[in-house]
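Single-structure report; data block below.
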Amino acid sequence: MQTFCGGNGISSTGSKIEISYRIETFLRSGEIKNPIRKTKINRMVEPQVHLSLDTFKKKIAPQF
């Protein structure tokens, strides 16, 4: 699969299923699909706070 992709200008990165899909698309239509890029999500991590019954009563209980 990698040899076929390289010889036809198709990206050979990704899983076998992704590469197979790009090859199939190429053979059916001549279109060269780019690999799908997976973006990483940067999440802000809140500092851990000491949890106690008072924390629950003040912050969580009113929302119940």
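Heavy atoms only: backbone and side chains are in, while hydrogens, waters and symmetry mates are out.
Between I19 and G14, the closest heavy-atom pair is CD1-O, 3.7 Å. Across all non-hydrogen atoms, the minimal contact from P35 to T13 is CG-OG1, 3.7 Å.
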Item to check | CA sep, side-chain torsions, deciding dist, call: E18, R22, salt bridge (Lys or Arg N to Asp or Glu O under 4.0 Å) | outcome: CA-CA 6 Å; E18 293 170 330; R22 287 196 293 272; 5.1 Å; no
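Around the CG atom of L27, the shell of radius 6.0 Å holds more than 12 heavy atoms that belong to other residues, nucleotides or ligands.
Contact annotation: the side chain of E31 never approaches that of F26 to less than 4.5 Å [non-hydrogen atoms, C-beta and beyond].
Side-chain heavy atoms closer than 4.5 Å link hydrophobic residues (I, L, V, M, F, W, Y) into clusters, and following such links, possibly through other members, connects I32 to M1.
Atom CD of residue E24 and atom NZ of residue K33 lie 11.0 Å apart, to the nearest 0.5 angstrom. Once rounded to the nearest 0.5 Å, the distance linking CG of N34 with OG of S11 reads 7.5 Å.
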